[in-house]
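Everything on this sheet refers to the single structure shown next.
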Number of protein chains: 2
Amino acid sequence: MAKNVGIIAMDIYFPPTFVQQEALEAHDGVSKGKYTIGLGQDCLAFCTEVEDVISMSLTVVTSLLEKYKIDPKQIGRLEVGSETVIDKSKSIKTFLMQIFEKCGNTDIEGVDSTNACYGGTAALFNCVNWVESSSWDGRYGIVVCTDSAVYAEGPARPTGGAAAIAMLIGPDAPIAFESKFRGSHMSHAYDFYKPNLASEYPVVDGKLSQTCYLMALDTCYKYFCHKYEKLESKQFSLSDADYFVFHSPYNKLVQKSFARLVFNDFVRNASSVDDIAKEKLAPFSTLTGDESYQSRDLEKASQQVSKPLYDAKVQPTTLIPKQVGNMYTASLYAAFASLLHNKNSELAGKRVILFSYGSGLTATMFSLRLHEGQHPFSLSNIATVMNVAGKLKARHEFAPEKFVETMHLMEHRYGAKDFVTSKDSSLLSPGTYYLTEVDSKYRRFYAKKDGNCTGNENGSVVNGH
Amino acid sequence: MAKNVGIIAMDIYFPPTFVQQEALEAHDGVSKGKYTIGLGQDCLAFCTEVEDVISMSLTVVTSLLEKYKIDPKQIGRLEVGSETVIDKSKSIKTFLMQIFEKCGNTDIEGVDSTNACYGGTAALFNCVNWVESSSWDGRYGIVVCTDSAVYAEGPARPTGGAAAIAMLIGPDAPIAFESKFRGSHMSHAYDFYKPNLASEYPVVDGKLSQTCYLMALDTCYKYFCHKYEKLESKQFSLSDADYFVFHSPYNKLVQKSFARLVFNDFVRNASSVDDIAKEKLAPFSTLTGDESYQSRDLEKASQQVSKPLYDAKVQPTTLIPKQVGNMYTASLYAAFASLLHNKNSELAGKRVILFSYGSGLTATMFSLRLHEGQHPFSLSNIATVMNVAGKLKARHEFAPEKFVETMHLMEHRYGAKDFVTSKDSSLLSPGTYYLTEVDSKYRRFYAKKDGNCTGNENGSVVNGH
């Protein structure tokens, strides 16, 4: 069986168009700090009418192959996690096949995985399992997470965002899975869902979703610790991992989540909790589970107690989610990308625990072990290729009015046919794919900023008709 | 690594309500034989207003667990293939978690896989890979294929159908994967897709879809033979497998597909084609690929030549698809279930080749090796449990007018909220789940025919609120 299977390369793309949360607060007439401190968010990236989840994934997969010099024929599996539905039957993966077909490679397994923000994690697990299975043919896999998170006007709107991430999967990875350490919690819930098929916007019960998230976190941590302890014959505590990466709908929930894990360690009497912390958390030791999710005092005390550990083990993972917003399936991996960006030179040998959550609900806590790796598949080169600081710096700020106007246009365009876009790629970087047209049969056409069209030189039909 | 991983048990469910294709021909005013001979179909099963892909999958998973006496705690993975979207974010898998939550098992990996009729195959491959991977925890997996195929009035409507299939996955299986023999072809096409999000009906280019299907078949067979020949150091021909199972949108396409494989063997000069057949196919040996897909004469000649082999290697797989119609993701596995039903006592040691196709497009040809197995996981017991003949016999025929009326109601209900159904379960067998209500927040409620409600004794809220 292949060893140390995991992520051997990564790239990230997010739209170059964003709005400041501070400007959005003023525009929405809410109290100052509601989005920046209350949610913990700095900026929100969004797709304009020329970008969508398909264009973003075409961009990031092309970039991954080019920057790591991977021959498209070396790919044996390609799968996508997304909850942004453009077509209810045709997978996003089939759009990406355009990149590989022109190189003569159509023997590529995998489709799209779906459950809210968890689909990317499901795809990642599937791809890693493929490499470890008897059906592996020695080639690389690619996992793509791509989403555009948009909300109806109202309190959820500032929790939007958009991005696509591509991960190359194979053996001897610098980012290797510790697959035996894993705990999942899956359950039937209506915290966030998309039953209104004609609308891009979800139905959200924000308060319920936060409770579901924290309950899933507790249960996953319980299973995770149980499996660790069974295999390693010693107690697991937060001290046994160097970094914790969370699915990040907004930063405040990440702060609460880590505090919740500290409270878990306190209840479990684990070594990570010192005497001062124990004293501060003692008044809450008799709360029932339900009470503990509702207690503001516990939330406050545990966040205060966990602050030093949060700064060391979580804060380095928060950059991109705070700057880009919720990226649904890409959100967890954008947080992980932030860690590679901030700490790449110090990560060899470190253990990183990730918590993936998708409403509805599906959640898993899992463990990665990092190694420096060999160029081009080294942690430092991955950080260089992703160029997070450069991409953030090259963005274009939109005024809130312009953002709202774009949302209106996108509402109108969602599920529509027979229109052409502005084809305005002036704000996009070279190499970026963009939407040019949706024809009368709903067929979608994309072009690439450098002038080449996907799969067809003359920029017209690209779908085999 | 676990050995002989594959399908260790199966069950199938299809709605007890159906219409005769012959009656539909008369009702639609088309020429006699257009659906029965032209499409090769006998009957079409459909969901009435009390059934949907969620209720069917609740029914079949519950039945699988009960009939093979599997403790729900023994399940470590559960995944669904479907292209019937009821919610764009919340997976069908999370609805099925209701069955497991009440037994205290929420640590179950897997979500939904999507690409047209191929999602079930993707889920099956993922589940088999999981058992072979280092993340396997020793428990069983379950793969569910569930779909309701409905079309707008017109020529595609008679190609509808509905069913759900559940497969138990584990090592030492009576239906084991030969994972090294596999060929996939994936490509960007618009042959059948669902871009009109508010409608349940697809956009279909029937002629293009048939050509895409046959081209994918050719390419998969080419890759399959190539891999077989590389590993076994001898040529593969149709003689090397005992049965061929095809994704079956309608039986006529299955006949054409097998004839196409015979033509492939002729072109490859493989041993399966005798001298008489060679003579009959010789006039077509100079056709280009494109010409060969369009040639009616080739179609006729190759179907004639392949008839004896078809009767032996394919006909036993056609019962359920002809009687139920297209079941999308469940279609291929319903064809395989037909084989188990018809030939279970003669299947030990046999090799079965399956061809899975999903528009858009994704396709794979793969190989299974059958063993008698040990009770309850034996081929004969699987056939007994599935009880195909009994289920077909217990159905209720609807007049075409009643079928059309049901389709109208379902159109109206698709994506709707705030309604109660008739709750009429009189036509359903005991143990069948059915839809009772969709509330003002789009939350769906189901009951079970024997009087027990999913996850809640009093038949009301089942979603944790």
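Residue numbers start from 1 in every chain, and the chains themselves are labelled A, B, ... in the order their sequence lines are given, proteins ahead of strands.
- Heavy-atom pairs under 4.5 Å with chain B were tallied for A:Thr362, A:Asn115, A:Val438; the largest tally goes to A:Asn115.
- The most heavy-atom pairs under 4.5 Å with chain B, out of A:His185, A:Lys90, A:Met97, come from A:Lys90.
- In this structure, chain A has a heavy atom under 4.5 Å from the side chain of B:Tyr223, while its backbone stays farther away.
- No part of B:Phe100 comes within reach of chain A, as not one of its non-hydrogen atoms sits under 4.5 angstrom from that chain.
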side-chain hydrogen bond (donor to acceptor under 3.5 Å, both in side chains) between A:Ser179 and B:Ser135, intermediate numbers included: CA-CA 5 Å; A:Ser179 292; B:Ser135 58; 4.9 Å; no
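- Per-residue counts of heavy-atom pairs under 4.5 Å with chain A were compared for B:Asp137, B:Val85, B:Thr114; the largest is that of B:Thr114.
- For chain A, the option among B:Ser82, B:Ser113, B:Gly119, B:Ser89 with the highest count of heavy-atom pairs below 4.5 Å is B:Ser89.
- For residues 110-128 of chain B, no pair satisfies salt bridge (charged side-chain N to carboxylate O under 4.0 Å, His left out), with sequence neighbours left out.
- Residue contact with chain A, scored on non-hydrogen atoms closer than 4.5 Å, is absent for B:Phe366.
- Because its NZ or CZ atom is not both nearer than 6.0 Å to the ring centre of B:Tyr190 and within 45° of the ring axis, A:Lys441 does not count as a cation-pi partner of that residue.
- Contact tally against chain B (heavy-atom pairs below 4.5 Å) for A:Ser134, A:Ala116, A:Ala122, A:Ser91: the top residue is A:Ser134.
- In this structure, A:Arg182 forms a cation-pi arrangement with A:Phe125, its terminal cationic atom sitting closer than 6.0 Å to the ring centre and no more than 45° off the ring axis.
- Contacts between B:Lys93 and chain A at a heavy-atom distance below 4.5 Å involve the side chain alone, from C-beta outward.
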Under the ring pair (Phe, Tyr, Trp, His ring centres under 6.0 Å) criterion, do B:Tyr357 and B:Tyr213 qualify, and how do the steps go? CA-CA 7 Å; B:Tyr357 178 82; B:Tyr213 183 109; 5.0 Å; yes
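- In terms of heavy-atom pairs under 4.5 angstrom with chain A, the leader among B:Lys417, B:Glu79, B:Glu178, B:Arg77 is B:Arg77.
- Minimum heavy-atom separation, B:Ala363 to B:Cys220: O-SG, 3.5 Å.
- Here A:Lys88 pairs with nothing under the salt bridge (charged side-chain N to carboxylate O under 4.0 Å, His left out) rule; sequence neighbours left out.
- Within the 4.5 angstrom heavy-atom criterion, no atom of A:Tyr328 approaches chain B.
- Both the backbone and the side chain of A:Glu109 come within less than 4.5 Å of a heavy atom of chain B.
- By the 4.5 Å heavy-atom criterion applied to side chains, B:Thr219 and A:Thr106 are counted as neighbours.
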For A:Leu96 and A:Thr94: C-alpha separation, side-chain torsions, deciding distance, then whether side-chain contact (heavy atoms from CB on, under 4.5 Å) applies. CA-CA 5 Å; A:Leu96 297 177; A:Thr94 63; over 6 Å; no
Verdict with reasoning, A:Thr146 to A:Thr329, per side-chain contact (heavy atoms from CB on, under 4.5 Å): CA-CA 6 Å; A:Thr146 183; A:Thr329 55; 5.6 Å; no
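- Looking at A:Tyr414, only its side chain comes within 4.5 Å of chain B, counting heavy atoms on both sides.
- Legend: residues meeting side-chain hydrogen bond (donor to acceptor under 3.5 Å, both in side chains) with B:Thr364, ordered by chain and number and at least two apart, are B:Tyr118, B:Ser184.
- Proximity to chain B is limited to the side chain of A:Lys227, based on heavy atoms less than 4.5 angstrom apart.
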Any chance you could lay out the side-chain contact (heavy atoms from CB on, under 4.5 Å) test for A:Val53 and A:Ile86, step after step, and finish with the verdict? CA-CA 8 Å; A:Val53 289; A:Ile86 289 179; 3.7 Å; yes
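- The six-membered or imidazole ring of A:Phe181 lies near that of A:Tyr228, with a centre-to-centre distance under 6.0 Å.
- Among B:Thr121, B:Asp107, B:Val131, the residue with the largest count of heavy-atom pairs under 4.5 Å with chain A is B:Asp107.
- Within residues 194-204 of chain A, the residues having any heavy atom closer than 4.5 Å to a heavy atom of chain B are A:Lys194, A:Pro195, A:Asn196, A:Leu197, A:Ala198, A:Ser199, A:Glu200, A:Val203, listed by residue number.
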